[in-house]
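Order of the sequence lines sets the chain letters (A, B, ...), proteins ahead of strands, with each chain counted from 1. FYI, side chains are in, hydrogens and waters are out, and symmetry mates aren't considered; it's all heavy atoms of this structure.
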Amino acid sequence: MAYASERERLAVPATEAARHLLGAVLTHDVDGERVSVRITEVEAYMGDVDPGSHAFRGQTARNATMFGPAGHLYVYLTYGMHYCANVVCGTEGFATGLLLRAGEVVEGAEAAALRRGNPRTHLDLARGPARLAQALGIARPLDGADVFADPLRLTLPDEPVPDELVSTGPRVGVSGPGGTDEYPWRYWLTGDPTVSKYRPAVPRRRPAAAAPAGNPQNA
DNA sequence: GCTTCGATCTTCT
DNA sequence: GAAGATCGAAGCG
């Protein structure tokens, strides 16, 4: 079936697979409640050569899925409260993947809005990696799931998106090497209204000094 | 409208 | 013990 060849289209470097994934539709079926998202923005992570990747320091229990075969979902919790989802690409063992950064809900918008709580507009339903995951109902138990098998279903476009419709740029939220335009590994559909706004990576400020000089408590 | 900050907890050093 | 592939609300102009 088409499934085998669709998986093969992801078994290439993430920078290439990105053009297959843009415009693709990811569906998640939870108890008959289906939400589908058309992917409009992705970010490539290139395994152990990529300082911005979770896999940079080698395989751990958390990122094991990234080291597996293409076409599986790597789901992780970030900042203690948000889930993000990657589609694993490339060759097994090389830990490359594409972070789903943004998309447009094309099916099940009501269910997605319910999960999201308080979206301002339809476009906000899946704009941003954590929002997209939440709209689709993706959480940790889906880590390692096959995107071509229940309860997920990824449908790639018949043909890769033409280059002229794809923009590239620096990655978002990645600090240090790998976050600059030295690695333009963020891809989006040019002009798509659901693409998340670019925010430069800034290290969070440390909490105010734990022991301020003038504090009497600090002896 | 844009900028800044707090929430919250897992994972790795 | 510290940082992190984020989001949303509050504050300010």
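- A:L154 contributes atom CG, which lies 9.5 Å from atom CZ of A:R9 (distance to the nearest 0.5 angstrom).
- Between A:Y79 and B:dA7, no base-stacking contact is recorded for ring centres under 5.5 Å apart and planes less than 30° from parallel.
- Ion pairing between A:R153 and A:D29 fails under the 4.0 Å rule for side-chain N and carboxylate O.
- Whole-Å rounding puts the A:L100 CG to C:dT6 P distance at 13 Å.
- Counting all heavy atoms, side chain and backbone alike, A:A14 lies closest to A:A44 at CB-CB, 3.8 Å.
- When the C1' atom of C:dT6 is taken as reference, atom CG of A:L77 falls 11 Å away, rounded to whole Å.
- Applying the side-chain contact (heavy atoms from CB on, under 4.5 Å) test between A:L73 and each of A:D143, A:V88, A:I138 identifies A:I138 as the sole match.
- Of the residues A:Y45, A:F56, A:Y74, A:Y76, the one that meets the side-chain contact (heavy atoms from CB on, under 4.5 Å) test with A:N63 is A:Y74.
- Ion pairing between a basic and an acidic side chain is recognised when a charged N comes within 4.0 Å of a carboxylate O; A:R19 and A:D163 show such pairing.
- If you take OH of A:Y83 and P of B:dC9, they are 10 Å apart, rounded to a whole angstrom.
- Exactly one residue among A:L26, A:L136, A:T155, A:V25 makes a side-chain contact (heavy atoms from CB on, under 4.5 Å) with A:S36. That residue is A:V25.
- In terms of phosphate contacts, A:R131 brings a side-chain nitrogen or oxygen within less than 4.0 Å of OP1 or OP2 of C:dG8.
- In this structure, the CD atom of A:E41 is 13 Å from the C1' atom of C:dT6, given to the nearest Å.
- When the P atom of C:dC7 is taken as reference, atom CG of A:L125 falls 14 Å away, rounded to whole Å.
- A:R140 has a side-chain polar atom (N or O) that falls below the 4.0 Å cut-off from OP1 or OP2 of B:dT11.
- In this entry the distance linking CG of A:D50 with P of C:dG4 reads 14 Å, nearest Å.
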Practice prompt. For DNA chain C, produce a single dot-bracket line, 5' to 3'. Pairs: Watson-Crick or G-U wobble, both distances under 3.5 Å. Symbols: ( ) within strand, [ ] crossing, | other strand, . unpaired.
Written response: ||||.|||||||.
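- Within the 3.5 Å criterion, the main-chain N or O of A:V105 finds a donor-acceptor partner in the side chain of A:H122.
- Between A:R120 and C:dG8 there is no side-chain N or O to OP1 or OP2 distance below 4.0 Å.
- Residue A:M81 has its side chain nearest to B:dA7 when only C:dA5, C:dT6, B:dA7 are considered.
- Across residues 53-76 of chain A, A:R57, A:T60, A:R62 each have a non-hydrogen atom less than 4.0 Å from an atom of DNA chain B (numbered order).
- For the pair A:H82 NE2 and C:dG8 P, the computed distance is 7 Å after rounding to whole Å.
- A salt bridge links A:E43 to A:R101: at least one charged side-chain nitrogen sits closer than 4.0 Å to a carboxylate oxygen.
- Across the protein-nucleic acid pair, A:R186 atom CZ and C:dA5 atom C1' stand 12 Å apart, rounded to whole Å.
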